[in-house]
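These numbers were taken from a predicted model, which means no experiment stands behind them. Naming convention: chains lettered A, B, ... in sequence-line order (proteins, then strands); numbering from 1 in each chain.
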There are 2 protein chains.
Amino acid sequence: MKPDRFKTLISEEGLKSTRQRAEILDIFLNSTGHKSLAEIHAWVAKMDPKIGYTTVYRTLKLLTRLGLAAERKFADGETRYEPTHEGTHHDHLICLGCGKIVEFEDDGLESLQDRIARGHGFKIFHHRMELYGYCGPCAHKKTSHRRKG
Amino acid sequence: MKPDRFKTLISEEGLKSTRQRAEILDIFLNSTGHKSLAEIHAWVAKMDPKIGYTTVYRTLKLLTRLGLAAERKFADGETRYEPTHEGTHHDHLICLGCGKIVEFEDDGLESLQDRIARGHGFKIFHHRMELYGYCGPCAHKKTSHRRKG
DNA sequence: CTCTTTTTGAAATTGAATTTCAATTTCATT
DNA sequence: AATGAAATTGAAATTCAATTTCAAAAAGAG
Ligand SMILES: [Mn+2]
Ligand SMILES: [Mn+2]
Ligand SMILES: [Zn+2]
Ligand SMILES: [Zn+2]
């Protein structure tokens, strides 16, 4: 995201454009993955050690409100954030062995969810769907260990 | 569950059969819904005010390990427990208006999840799937309020 | 009953999430 | 550029569920 677009967005919200917000936004939007606040703060602090954890916390909340970040709570309980990509949506496959997270999109799944919800008279706004298991390599390791003993 | 069956189960685990465990089990298994520890403790304390929160906590963890309880973490963050029913599985529809939780089972959904996971080389052990939206009555209330202003 | 082990429950601890508040910064206005 | 109200920052404090600690009580094997 261009600095100007960010300033506009911030200003439209009646907020002020600060160095901290710009830095956090820049680092966060250019990152990938699902990071905890501690991880994001560590990254940000590398660039600018003066930026406090609290500011990172508040800025990520802000970005979530603006639709630029998505807050995720997987089974480990710690809140994680990932940058969003306009109008897209995905769910997650999570490896219980190595922690790898694979993203997937499945229109059939989405429409099936809608159908189920409608069947119960619900109108759905969002959902949470995570599949926990073992990725190829981890499943393989588990199997070979079992054979040996 | 019969008291004898419980004693057997407990004994097989090398654990001791206590009044507290029996009471908590009895109350919990005869309840329905998705209760927080505080709620379960409140119920248990009505029968026997001497039973401590910690014991309820530990007993619910135990029941979860034995497969008699399921631990759920919905969006509000607080851990909830529900009694399980042998070999069944269900997911949840949650109303953002009134908090109502509706359970559903959908074989098509389950097999679709497996198919998606296989497609990414994963072997799934469990999943989490919650649909958040508005139930019939709540959706209706929202609409009529909007019309009025 | 006796002894050893487990369990209990109150209190303490943990750790992430959130709030507080004084100092600092932004920015609209002069 | 200076002013000043309002927003922001960041360290510290607080919150609150989850978990651990530990001394006293209870279970149950022998
Ligand atoms: Mn993702
Ligand atoms: Mn349920
Ligand atoms: Zn793996
Ligand atoms: Zn409702």
Side-chain angles (χ1 to χ4, degrees), chain A residues 3-4 6-25 27-28 34-66 69-81, chain B residues 3-4 6-25 27-28 34-66 69-81:
Chain A
D4 289 350
F6 171 59
K7 280 196 175 182
T8 306
L9 206 61
I10 281 286
S11 162
E12 277 168 0
E13 289 279 313
L15 302 172
K16 289 178 178 175
S17 173
T18 66
R19 175 177 51 79
Q20 289 91 332
R21 283 173 173 168
E23 282 191 27
I24 294 168
L25 181 84
I27 291 174
F28 178 70
H34 309 80
K35 296 199 168 53
S36 66
L37 270 182
E39 287 167 348
I40 297 169
H41 179 237
W43 270 102
V44 167
K46 251 190 259 183
M47 298 290 118
D48 184 345
K50 295 268 190 56
I51 295 183
Y53 177 92
T54 313
T55 300
V56 176
Y57 164 76
R58 283 185 289 225
T59 302
L60 267 293
K61 285 283 187 197
L62 171 62
L63 297 182
T64 301
R65 192 150 52 75
L66 297 182
E71 217 175 63
R72 305 283 188 183
K73 290 184 186 185
F74 299 136
D76 78 344
E78 200 170 359
T79 303
R80 294 170 179 283
Y81 293 89
Chain B
D4 290 349
F6 171 59
K7 280 196 174 182
T8 306
L9 204 62
I10 281 288
S11 161
E12 277 168 1
E13 290 278 313
L15 302 172
K16 289 177 177 174
S17 172
T18 66
R19 177 177 49 78
Q20 289 90 333
R21 282 174 175 168
E23 281 191 28
I24 294 167
L25 181 84
I27 291 174
F28 178 70
H34 307 80
K35 297 199 167 53
S36 66
L37 271 182
E39 288 166 348
I40 298 170
H41 179 236
W43 269 102
V44 168
K46 250 190 261 182
M47 297 291 117
D48 184 345
K50 296 267 189 56
I51 295 182
Y53 177 93
T54 313
T55 299
V56 177
Y57 164 77
R58 283 185 290 225
T59 302
L60 268 293
K61 284 284 186 196
L62 170 62
L63 297 182
T64 301
R65 191 150 52 73
L66 298 182
E71 219 176 62
R72 306 282 188 184
K73 290 184 185 186
F74 299 135
D76 77 345
E78 200 170 359
T79 302
R80 294 171 178 282
Y81 293 89

Original post:
Between C/dT18 atom C1' and A/E71 atom CD, what is the distance in whole Å?
Top reply: 12 Å

Original post:
Roughly how many Å is it from CG in A/D76 to P in C/dG15, rounded to a whole number?
Top reply: 15 Å

**OP:** Flag the pair B/R80 and B/E39 as a salt bridge only when some basic side-chain nitrogen lies within less than 4.0 angstrom of an acidic carboxylate oxygen.
**Re:** yes

Original post:
Less than 3.5 Å between a donor and an acceptor, one on the side chain of B/K16 and one on the base of C/dT6, is that the case here?
Top reply: no

Original post:
Can you find a heavy atom in the side chain of A/L62 that is under 4.5 Å from one in the side chain of A/L15?
Top reply: yes

**OP:** Give a yes or no answer on whether the side chain of A/R21 reaches the backbone of A/K7 with a donor-acceptor pair at less than 3.5 Å.
**Re:** no

Original post:
Any donor-acceptor pair under 3.5 Å linking the side chain of A/H41 with the backbone of A/I51?
Top reply: yes

Original post:
So do the side chains of B/L37 and B/T79 get within less than 4.5 Å of each other, counting heavy atoms only?
Top reply: no

Original post:
Counting any heavy atom closer than 4.0 Å, what does A/S17 reach on the DNA or RNA strands: base, sugar-phosphate only, or nothing?
Top reply: sugar-phosphate

Original post:
Near DNA chain D, under 4.0 Å by heavy atom, which residues of residues 55-62 of chain B?
Top reply: B/Y57, B/R58, B/K61

Subject >> Flag side-chain contact, heavy atom, 4.5 Å: A/I24 against A/L60 >> reply: yes

Original post:
Between the two ends of the helix from C/dC1-D/dG30 to C/dT30-D/dA1, what is the bend in degrees, rounded to 10 degrees, where each end axis spans five pairs?
Top reply: 20°

**OP:** For B/I24 and C/dT8, give me the distance from atom CD1 to atom C1', rounded to whole Å.
**Re:** 10 Å

Subject >> Range on DNA chain D touched by chain A - first to last nucleotide, heavy-atom distance under 4.0 Å >> reply: D/dA6 to D/dA12

**OP:** Tell me which of A/K73 and B/T18 sits closer to the 5' end of DNA chain C, going by the nucleotide each one is nearest to.
**Re:** B/T18

Subject >> salt_bridge(B/K73, B/E78) N-O dist < 4.0 Å >> reply: no

